[in-house]
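What you are looking at is a predicted structure, and each value in this text was computed from that prediction instead of being measured.
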Amino acid sequence: MKYEPVIGLEIHVQLKTKTKMFCDSKNDPDEKHPNVNVCPICVGHPGTLPVANLEAIKKTILLGMALGCKIANHTFFERKNYFYPDLPKGYQITQYQAPLCSKGWLDIGNPLSHKASEGSKRICITRIHLEEDTGKLIHVSPSTGSGQSASLIDFNRAGIPLLELVTEPDLHSGEEVRKFGEELQLILRYLGISDADMQKGQMRVEVNMSLKEGLNQSKGLVGRTGSEPVLGTKVELKNINSFKFAAQAVDYEIQRQSALLSKNQRVVQETRGWDEAGQKTFSQRTKEEAQDYRYFPEPDLPQIETKDLDLEGIRAMLVELPSQRRDRFKRLYNLPEHDVEVLTVNKELGDYFEEVVSELKSWDKLSHLKKPPKEHEERLMKLSANYLITELVKLLYERGTGVEEMEHIRITPENFAEFIARIYHQEISSSGAQVLLKEMFETGEDPSAIIEKKDLAQVSDFSEIEIAAKEVISENPKPVEDYKKGKKESLQFLVGQVMKKTRGKANPQVAREVLEKELGA
Ligand SMILES: [Zn+2]
């Protein structure tokens, strides 16, 4: 490519707190009725006084700590003055000169590789600051409601604590944007800072991007002789409600802007949105003059000395982060990359897996070995991960709840461990296991009780299978003849007949061995 994309992100995140940023109105993003969670402070009545929400400040510092940021010793809020109908005060309380956190970083997996372990790339974080959200404008078209067009305002959102994170222009592709956004989203959820649901607007991404003349492998720098790269015009991508779409929008923009530049046409400085149906970006508004917001320190709020905020107490709230979990799961359980990723991205599923593993230690006494070999343990872990990731998740989706509902699952980790141990020790066939798991999922009953009730135990007993095999041999002279003449596939047919005769309960491996013995193979 002749041009190199230069991309920086501005990400807004609604914090999960009990109350709003500067008043005690409820912070409830799920409230369906408009203008319920409001008070004179958040709708900006004159003469009211804001009080900063300590929980929001601590959660912002917590994210800063997780991302290796420098935490400001001294900071304060400022007023950003502008008029908009969703901003009743005429200004937004934010942080401008002194953000709470600055100079951090987030490592993302190597975007050129599909394997997370193959190198990583560091994206630097410029700053993280705290501000308040605005109200929400709802535009009603004539076709809905009263037949007139109108703009309605819901102030439930006004004053919800909003964290803003700004990155350095360190990103270079749609894929990197997606990886950064998804990793940050995961960290926010692990730390309990936000649910970060983009569909609900709890996390919003703005992409700032431009193209500069890139390195050409054969000719060196193209089209210029100076030392500084020529930065192109900045285009902002906004109102995109998933990181997958953000990545598509970025890649589309790279193509669009490259095409313009190579035809010596100008890239217009503007804000663009993403048209999912048309798979293209579209102009939303062209940038006017840079606005002067006349920032000044908020006179109604005291300045913040972070040493008074029990920073060590906040640091103690740091939990294992997704990247740490990936490393630990790989090291401890030796699971394949894909399994580790599923158990990291779906935190509840990963937590459940670990509970199952610890229960397995007691269930696996079935193996009668004092100290089972490492390989044996690893096979049990792999089997557990397989059944969780494929079979259990399938059942959750069939019920229409998805992995988020893991916490309400009726199967206890102890029962799941017993289930795995029974499969491992071939006390139940793989088809029997499907039936068993579904029943456990629906009823929450013990596997042993269900095996008994549904007669699911697999027969590995030689003599019992021998009787069935003998009957099958006498009832099927033709396949037996074929097999003896060297047609090996006939054996599979005969194994099938034994399975049928035992109503699927015979261990197919044992059935095969018995047949081979009986047929003198
Ligand atoms: Zn309020």
Side-chain angles (χ1 to χ4, degrees), residues 114 334-339 342 360 363-364 366-369 372-395 397-398 416 418-441 447-448 450-521:
H114 293 293
N334 199 22
L335 292 174
E337 198 116 24
H338 167 264
D339 294 11
V342 174
L360 263 174
W363 270 104
D364 194 39
L366 294 166
S367 70
H368 306 300
L369 288 171
K374 195 171 176 340
E375 182 198 306
H376 159 88
E377 277 194 4
E378 281 178 1
R379 275 164 60 204
L380 268 171
M381 314 258 188
K382 179 77 189 93
L383 195 63
S384 306
N386 276 350
Y387 269 93
L388 277 176
I389 290 170
T390 54
E391 301 305 325
L392 188 69
V393 169
K394 195 170 82 190
L395 289 171
Y397 277 101
E398 276 171 13
F416 201 90
E418 182 187 342
F419 167 73
I420 294 297
R422 286 179 185 274
I423 298 171
Y424 185 79
H425 295 290
Q426 304 196 350
E427 292 169 41
I428 181 160
S429 67
S430 57
S431 59
Q434 304 278 344
V435 178
L436 176 56
L437 185 64
K438 197 160 196 290
E439 190 73 11
M440 287 166 69
F441 182 77
S448 49
I450 299 168
I451 289 171
E452 174 106 25
K453 194 173 71 186
K454 298 217 154 196
D455 196 15
L456 293 170
Q458 174 164 266
V459 179
S460 295
D461 182 351
F462 235 67
S463 58
E464 210 173 312
I465 294 175
E466 217 166 37
I467 296 167
K470 280 182 175 154
E471 284 176 24
V472 165
I473 289 170
S474 69
E475 285 163 13
N476 297 280
K478 177 82 173 70
V480 168
E481 195 60 32
D482 290 347
Y483 176 73
K484 284 183 173 166
K485 280 184 189 154
K487 197 179 163 200
K488 298 288 167 203
E489 307 86 79
S490 297
L491 187 66
Q492 195 46 46
F493 170 79
L494 295 169
V495 170
Q497 293 305 304
V498 173
M499 296 304 292
K500 206 168 154 192
K501 211 169 250 310
T502 57
R503 285 173 296 124
K505 285 165 60 189
N507 180 336
Q509 195 95 35
V510 178
R512 175 176 287 267
E513 283 167 27
V514 170
L515 279 166
E516 278 174 344
K517 192 181 120 236
E518 291 294 318
L519 295 169

task: Begin with the C-alpha distance, continue with both residues' side-chain angles, and end with the deciding distance and a verdict on side-chain contact (heavy atoms from CB on, under 4.5 Å) for F416 and L360.
output: CA-CA 9 Å; F416 201 90; L360 263 174; over 6 Å; no

statement: On a heavy-atom basis, the closest approach of V514 and E466 is CG1-CA, 3.8 Å

- prompt: Is there side-chain contact between L491 and E516, with heavy atoms separated by less than 4.5 Å?
  reply: yes

- request: Looking only at non-hydrogen atoms, find the nearest pair between K382 and L335 and report the distance.
  value: CA-CD2, 4.1 Å

statement: To the nearest 0.5 Å, atom CD1 of I473 lies from atom CD of E518 at 5.0 Å

- request: With side-chain contact (heavy atoms from CB on, under 4.5 Å) as the test, would you mind laying out the steps for V342 and V393 before giving the verdict?
  value: CA-CA 11 Å; V342 174; V393 169; 5.8 Å; no

- prompt: Can you name the closest pair of heavy atoms from D339 and A385 and give their distance?
  reply: OD2-CB, 3.8 Å

task: Would you sort out whether Q497 and K501 count as a side-chain contact (heavy atoms from CB on, under 4.5 Å), showing the intermediate values?
output: CA-CA 6 Å; Q497 293 305 304; K501 211 169 250 310; over 6 Å; no

message: Taking the basic N atoms (NZ, or NE/NH1/NH2) and the acidic carboxylate oxygens, is any pair closer than 4.0 Å for R422 and E418?
response: yes

query: Between OH of Y387 and CG of L395, what distance do you get to the nearest 0.5 Å?
result: 11.5 Å

statement: Rounded to the nearest 0.5 angstrom, the CD1-CG distance for I428 and L436 is 4.5 Å

query: Sequence neighbours excluded, which residues qualify as side chain to side chain donor-acceptor pair (under 3.5 Å) partners of K485?
result: none

message: Taking atom CD as the centre, does E452 end up with more than 12 heavy-atom neighbours from other residues, nucleotides or ligands that are less than 6.0 angstrom away?
response: no

- line: d(I389 CD1, S384 OG) to nearest 0.5 Å is 10.5 Å

field: Heavy-atom pair of closest approach, residues P479 and F493
entry: CG-CE2, 3.6 Å

field: Nearest heavy-atom neighbours spanning I465 and A511
entry: CG2-CA, 3.8 Å

field: Pair E391 + K394: basic N to acidic O under 4.0 Å
entry: yes

message: Please check if the number of heavy atoms outside Q509 that lie under 6.0 Å from its CD is greater than 12.
response: no

- request: Look at atom NZ of K453 and say whether more than 12 heavy atoms of other residues, nucleotides or ligands are closer to it than 6.0 Å.
  value: yes

message: As an exercise, state the distance from CD of E481 to CG of N476, rounded to the nearest 0.5 Å.
response: 12.5 Å

query: Can you name the nearest heavy-atom pair linking L494 to V480, along with the distance?
result: CD1-CG2, 4.2 Å

- request: List the steps, then state whether side-chain contact (heavy atoms from CB on, under 4.5 Å) holds for I450 with M440.
  value: CA-CA 8 Å; I450 299 168; M440 287 166 69; 3.6 Å; yes

- request: Calculate, to the nearest 0.5 Å, the distance between atoms OG1 and CD1 belonging to T502 and I467 respectively.
  value: 12.0 Å

